[in-house]
Number of protein chains: 2
Amino acid sequence: MARSTRESILTAAAELMRHKGYAGVGMKDIADASGAPIGSLYHHFRGGKTQIAREALVNAGAAYGLLIPTVVDAYTDLGEAVDGVFRQAAEDMAHTGFANMCPVASVAAEVADTVEDLRQATGGIFGQWIDGGTAYFVGRGLDGARARDVTLALIGALEGAFLLARVLRSAEPLLAAGRVLAPQYRGTVLTAPAGVGKAAI
Amino acid sequence: MARSTRESILTAAAELMRHKGYAGVGMKDIADASGAPIGSLYHHFRGGKTQIAREALVNAGAAYGLLIPTVVDAYTDLGEAVDGVFRQAAEDMAHTGFANMCPVASVAAEVADTVEDLRQATGGIFGQWIDGGTAYFVGRGLDGARARDVTLALIGALEGAFLLARVLRSAEPLLAAGRVLAPQYRGTVLTAPAGVGKAAI
DNA sequence: GTCTATAGTACGATAGAC
DNA sequence: GTCTATCGTACTATAGAC
């Protein structure tokens, strides 16, 4: 791989902040976890901590946004797809001991009212997920308004259920969300995946 | 009123942490906002910052848990009630400029993987919301399993939509959640509110 | 029970040798 | 581009006068 120092810093920061939030992670922590000394952090990111957080969130967020389309790709019935998304999420969380899944949510919750710069960055990421998901579902035959509502409801319900599942250390909130959301979409047939749709996200 | 120093500290801490999270709030901040000097904080809370956070979360969480039953009380159709919950939440958020509503979520997201003591505290609060909400809906005629799923889905969808709404500074995620969740419950008639149910939460 | 002063540590950020 | 040493500040927590 031969990852650059810059990349190491961003992946270390993303992983740390996913679990400990923004204020809870120090530059020293990022330096230690990435293997780079403090000076290198400021050499590569002159904007300091906020710039590192911003770029780390954008990187991790772009990758994480592919999750829903990737899972849904395997289904042709929207109801089963919704069910599959929450079952998959429940399985993944159980495997990690109910540690945080989403690399954006915790930091977003922490900075939304306080660090305008990072609020905008996280807003951009969520916006891309929403637009990308909407385009994906439109590509699979749903009309625009319905596609957007499904995407918003899926992302919202996932983020909320992630939080409850982490705190309660239980998959129940994720499975309950699936049980409630899936039935109404059962019978809605999705057209064949384009394969290109995912790239749009 | 004549609020005690203890109470002032807890309400100040709860309000600060709702917006800035746990690590983002210092003891100095709490002292300044409450009017009490640092020494008083440690006099009343020998457990330091984590004890203040724990008690502040429990206090604020107990009050906030009444929100869903209070709104649902005004409805007899479950679908309209669900719609009403998200409409009310959207209105409230818009009025505060999309600042955080839930006093527990941000801190919970931040500490769930790191501060076991506070993870348990927030878990207890969410657990009470879930149990209380389930009991409330059972009191209004739903069977147990359905009542619990509705409660879990409502709380999860609300928390997720709150996060998206804050970050995007838009009520759309809340309204979309209502549009998606409400229809399937339309026609489900709720029995008359007991009036006691709320006290159980 | 209230409040001040301060200990001891960790923070974000910088300067400058290599 | 890498790394060390360090600045100045803010942190949690404590000691002790009142």
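Protein chains get the first letters and strands the later ones, always in sequence-line order, with residue 1 at the start of each.
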In whole angstrom, what separates Leu41(B)'s CG from dC11(D)'s P?
13 Å
Whole-Å gap separating P (dA15(D)) and NE2 (His43(B)):
15 Å
Can you tell me if His19(A) and Glu15(A) form a side-chain donor-acceptor pair at under 3.5 Å?
yes
Which parts of residues 17-37 of chain B get close to DNA chain C, meaning a heavy atom less than 4.0 angstrom away?
Pro37(B)
Quick one: side-chain hydrogen bond (donor to acceptor under 3.5 Å, both in side chains) partners of Thr188(A), sequence neighbours excluded?
Arg146(A)
Set of residues satisfying side-chain hydrogen bond (donor to acceptor under 3.5 Å, both in side chains) with respect to Thr96(A), sequence neighbours excluded:
none
At less than 4.0 Å, is any side-chain N or O atom of Thr5(B) found next to OP1 or OP2 of dG1(C)? Yes or no.
no
Arg148(B) meets the side-chain hydrogen bond (donor to acceptor under 3.5 Å, both in side chains) criterion, sequence neighbours left out, with Glu172(A), Asp131(B)
Starting from P on dG16(D), measure out to OH on Tyr42(B) and report it in whole angstrom.
17 Å
Contact list for residues 20-29 of chain B, test side-chain hydrogen bond (donor to acceptor under 3.5 Å, both in side chains), sequence neighbours left out
Lys28(B)-Asp32(B)
According to ring-ring contact (aromatic ring centres under 6.0 Å, His included), does anything in residues 48-78 of chain A pair up with another residue at least two apart or in another chain? List the pairs.
Tyr64(A)-Trp129(A)
Rounded to the Å, how far apart are Arg6(A) CZ and dT2(D) C1'?
16 Å
Contact list for DNA chain C against residues 106-117 of chain B - heavy-atom distance below 4.0 Å:
none
Can you give me the bend angle of the helix from dG1(C)-dC18(D) to dC18(C)-dG1(D)? Use the axis through the first five pairs and the one through the last five, nearest 10 degrees.
0°
Any sub-3.5 Å donor-acceptor pair from Tyr136(B)'s side-chain atoms to Asp73(B)'s backbone N or O?
yes
Give a yes or no answer on whether the side chain of Arg18(A) reaches the backbone of Ala60(A) with a donor-acceptor pair at less than 3.5 Å.
no
Atom CG in Leu57(B), atom CG in Leu10(B): separation rounded to 0.5 Å?
10.0 Å
Going by the side-chain hydrogen bond (donor to acceptor under 3.5 Å, both in side chains) test, which pairs reach into residues 152-166 of chain A, not counting sequence neighbours?
Ser106(A)-Arg166(A), Arg166(A)-Asp113(B)
Reckon Ile38(A) touches a base, only the sugar-phosphate, or nothing at all at heavy-atom distances under 4.0 Å?
base
Among pairs that include at least one residue of residues 175-185 of chain B, which meet side-chain hydrogen bond (donor to acceptor under 3.5 Å, both in side chains), considering only residues two or more places apart or in two chains?
Asp149(A)-Arg179(B)
Under a 3.5 Å distance rule, please check whether Arg6(A) uses its side chain to pair with a backbone N or O of His44(A) as donor and acceptor.
yes
Neighbours of DNA chain D within residues 44-54 of chain B, by heavy-atom distance under 4.0 Å
Gly48(B), Lys49(B)
Taking only residues two or more places apart in sequence, or in another chain, which ones meet Asn59(B) in a side-chain hydrogen bond (donor to acceptor under 3.5 Å, both in side chains)?
none
